[in-house]
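Accompanying notes for the structure given below.
Please read all numbers here as calculations on a predicted model, not as lab measurements.
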Amino acid sequence: MTQPPVVSPGGPPPSGFAAVAQAMADGTDDASWVDEYVDHVVGRDDLADHRAMVLLALRLDGEDLLPEGLRIAIDDALLGFRYWMDEPGCDSMCHWSESHQVAFAVCEYLAGMHLVERTFTNDGRVGLEKARRARARLLEWLGNRFRHGFSEWLSPAYYAVNVSALTLLVEHTGDDELRTRATMVLDLLMLDLALHRFDGHFVASSGRSEALHKAHPERSEIEPIVASAFSRNQPDLRPGDFTSIFVARQRYRIPQVVREIAFAQADHLVTTSQGLTVREVPHEVARMQPDGRLRRAAEVNLYWGMEAFTTPEAIGPTLEAIEQLGMDGNRFLAPLAPMRKVRGRRLQAALVRSLNPITQGAALQRADVQTYRTPHYLLSSAQRHHPGSFGDQENIWEAALPGDIRLFSTHPGSTLLGSSARPATPSGWVGNGIRPDVAQLRNVLLALHDLRGRRGYLEGRRHELSHLYFPAARFDETRLTGKVMAGRRDDSYFGVVALQTIEMINESELVQRGAVTGWAVMLADRSDFGSLHHFVEHLRSCRLTYARDTLDWFTPEHRYELTWRGPFLVDGVPVDTDYARLRCEWTTVPRKPSVIEVVGRTGTLFLDWRTGQRTQGPGRPSNG
């Protein structure tokens with residue numbers, strides 16, 4: 001009988017996934033979940049790439065500590081996996097979205113380097129060739145993220161996948177260039193988490209968000225990563241969760257200036273531009289200078305990475321790729337089959353314009369996000385984000401107060417497009433049926449919902465209302481009077497004035513009805529208003545009106561005017577909502593940068609993509 005390996009008494013005890021492997025060898029830890037994950041990878045189930053990341057972490061960290069039977073099972077699963085869309089096979093794994101692209105590429109690269117001389121049975125390539133293919137995709141993906149940010153902007157569940165995949169790569173690649181560039185993008189993810197950290201949680205407008213996590217961010221996949229990065233008390237290692245790859249990290253160290261930002265007090269304004277518009281994709285492909293097959297692949301990777309399948313710009317490349325890759329049987333793409341009867345990109349684009357399918361709303365196009373963070377509250381929103389278009393999973397604005405209180409409004413969606421792959425969206429609290437026009441200036445936000453636009457193919461009944469999530473039971477006190485609702489938690493206040501009369505449907509839902517509705521939101525604290533009563537009286541003294549496509553909010557201090565798809569004025573002065581890549585107290589970065597420098601009191605971080613240089617240094621001198 002083979003005996004489990006023994007750790008040398010003179011060496012350090014194993015940690016992270018190595019400790020998990022040792023516990024499995026000792027019989028003190030249940031290994032049944034490993035068998036389950038192997039079955040998912042072998043079966044090529046949706047999210048199998050997430051399971052494969054965990055198996056790789058266990059296999060590479062555990063090495064010979066892992067029982068032989070598990071080592072063989074994991075290696076066999078990795079050798080038979082389908083790592084990319086151009087490989088043989090037909091399944092319903094989602095390879096193409098932004099976070100899946102990096103997860104699959106990291107898995108292929110590390111599996112190839114681990115089994116470098118073995119033949120991968122799905123496509124007949126040896127490990128070294130697999131690793132080379134994946135390396136090229138990784139460098140392309142990393143360069144795009146550095147240059148224009150994330151299409152799945154500030155999305156907790158998907159940032160968790162990105163962070164875990166890049167951490168796995170940084171921990172295990174022997175390629176210095178690849179490790180450095182992966183570390184640079186990991187730094188930018190950590191910077192986003194730090195800039196949008198409130199009350200210990202990651203809170204921001206986001207490209208994709210589930211209803212549960214919007215209302216309860218403490219239950220999001222990103223939480224263990226945020227806690228591990230910025231908390232003194234490290235979360236428990238839960239090896240079955242892919243986020244444990246970050247929790248168990250050994251190589252990656254969060255830059256000091258990023259930690260400074262996470263814990264910074266006072267008031268901070270952050271603006272960022274994330275992602276591309278569909279119209280920018282051809283220019284980005286031309287800049288990358290691929291030709292032939294590589295050009296078509298780069299085009300599809302960008303369109304599909306932003307979930308743009310059925311926009312007029314993307315429908316042609318999408319249908320061509322489905323045919324060329326033999327992906328007719330993928331259940332995510334099956335609804336597009338009827339469109340393939342129309343040939344030629346121009347005719348396909350014309351068909352989309354004629355049908356106006358609601359699936360256009362799935363496209364995660366460029367978002368200009370403003371976040372205002374104080375010790376008492378946070379308000380974050382995507383400015384003027386394609387108002388009047390169909391939505392899908394976006395969280396256009398969100399406010400946060402202490403005690404895990406989250407507030408946001410949506411237009412509840414309705415779709416006739418059923419899905420066995422995931423719950424159909426948009427829905428009641430996920431995304432928007434029709435996107436609102438939203439603009440923010442620090443602690444004040446206007447949201448205008450106009451539902452009178454053209455109906456779309458596969459659109460269900462259009463609900464003529466908008467609603468606001470308001471968890472009344474979590475506040476210390478609340479007040480509802482006509483068109484005003486306000487609440488206090490500790491010394492923090494949230495207030496909203498509605499265009500129509502507010503109906504409180506239940507303890508957490510406020511509704512205003514009509515084809516045109518509007519919300520004027522204000523956050524404050526006790527230093528602004530001595531009591532909730534005074535805050536409510538202030539809100540009642542404000543006047544919210546609508547005329548000539550303009551939502552007009554008169555407060556004692558300022559006048560805010562939001563014109564549907566037109567200007568946003570404060571006291572008659574236009575407010576620019578076309579943002580740079582990043583602007584805050586610590587850095588100013590233009591769109592599509594090649595260099596990013598972050599400077600704080602305790603440290604600096606310098607990232608030069610052209611040279612692949614990542615350096616850290618001392619902070620700026622104190623004015624004191």
Looking only at atom types and distance, does a side-chain atom of [X] sit under 3.5 Å from a main-chain N or O of [Y], one as donor and one as acceptor?
X      : Y      : answer
Glu152 : Arg208 : no
Ser155 : Ala157 : no
Arg259 : Ala229 : yes
Asp490 : Ser492 : no
Ser164 : Ala160 : yes
Ser209 : Asn395 : no
Arg474 : Asp404 : yes
Thr604 : Gly617 : yes

Listed partners of [X] passing side chain to side chain donor-acceptor pair (under 3.5 Å), at least two apart:
X      : answer
His40  : Asp45
Arg44  : Asn122
Arg137 : Glu108
Ser427 : none

So, is the end of the [X] side chain (NZ or CZ) under 6.0 Å from the ring centre of [Y] and within 45° of the ring's axis?
X      : Y      : answer
Arg181 : Trp609 : yes
Arg488 : Tyr493 : no
Lys130 : Tyr109 : no
Arg82  : Trp84  : no

(request) Return the orientation label for the Trp429 and Tyr469 ring planes: parallel under 30°, perpendicular over 60°, tilted otherwise. (result)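 Plane angle over 60°, so perpendicular.
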
(request) Give me the ring orientation class for His100 and Phe104: parallel if the planes are under 30° apart, tilted from 30 to 60°, perpendicular past 60°. (result)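 Rings of His100 and Phe104: tilted, 30 to 60°.
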
Non-hydrogen side-chain atoms of [X] and [Y] separated by less than 4.5 Å:
X      : Y      : result
Trp141 : Leu166 : yes
Ser273 : Asp368 : yes
Phe202 : Leu154 : yes
Pro471 : His216 : no
Leu188 : Met184 : no

How about [X] and [Y]: are their ring centres within less than 6.0 Å of each other?
X      : Y      : answer
Phe494 : Phe475 : no
Trp153 : His385 : yes
Phe150 : Tyr158 : no

salt_bridge([X], [Y]) N-O dist < 4.0 Å:
X      : Y      : result
Glu63  : Arg71  : no
Arg51  : Glu36  : no
Arg373 : Asp267 : no

(request) Sort out for me which residue in Leu110, Val106, Thr167 forms a side-chain contact (heavy atoms from CB on, under 4.5 Å) with His172. (result)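 Going through the options one by one, the only one that passes is Leu110.
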
(request) Walk me through it: do Thr425 and Asp392 pass the test side chain to side chain donor-acceptor pair (under 3.5 Å)? (result) CA-CA 5 Å; Thr425 53; Asp392 190 59; 3.0 Å; yes

Show which side-chain atoms of residues 580-588 pair as donor or acceptor with protein atoms under 3.5 Å away, not counting sequence neighbours.
residue: Glu585; atom: OE1; partner: His268; partner atom: ND1; Å: 3.0
residue: Trp586; atom: NE1; partner: Glu260; partner atom: OE2; Å: 3.3
residue: Thr587; atom: OG1; partner: Glu597; partner atom: O; Å: 2.6

Name every donor-acceptor pair, under 3.5 Å, that has one atom in a side chain of residues 238-246 and the other anywhere in the protein, sequence neighbours excluded.
residue: Ser244; atom: OG; partner: Arg238; partner atom: N; Å: 3.0
residue: Ser244; atom: OG; partner: Arg238; partner atom: O; Å: 2.6

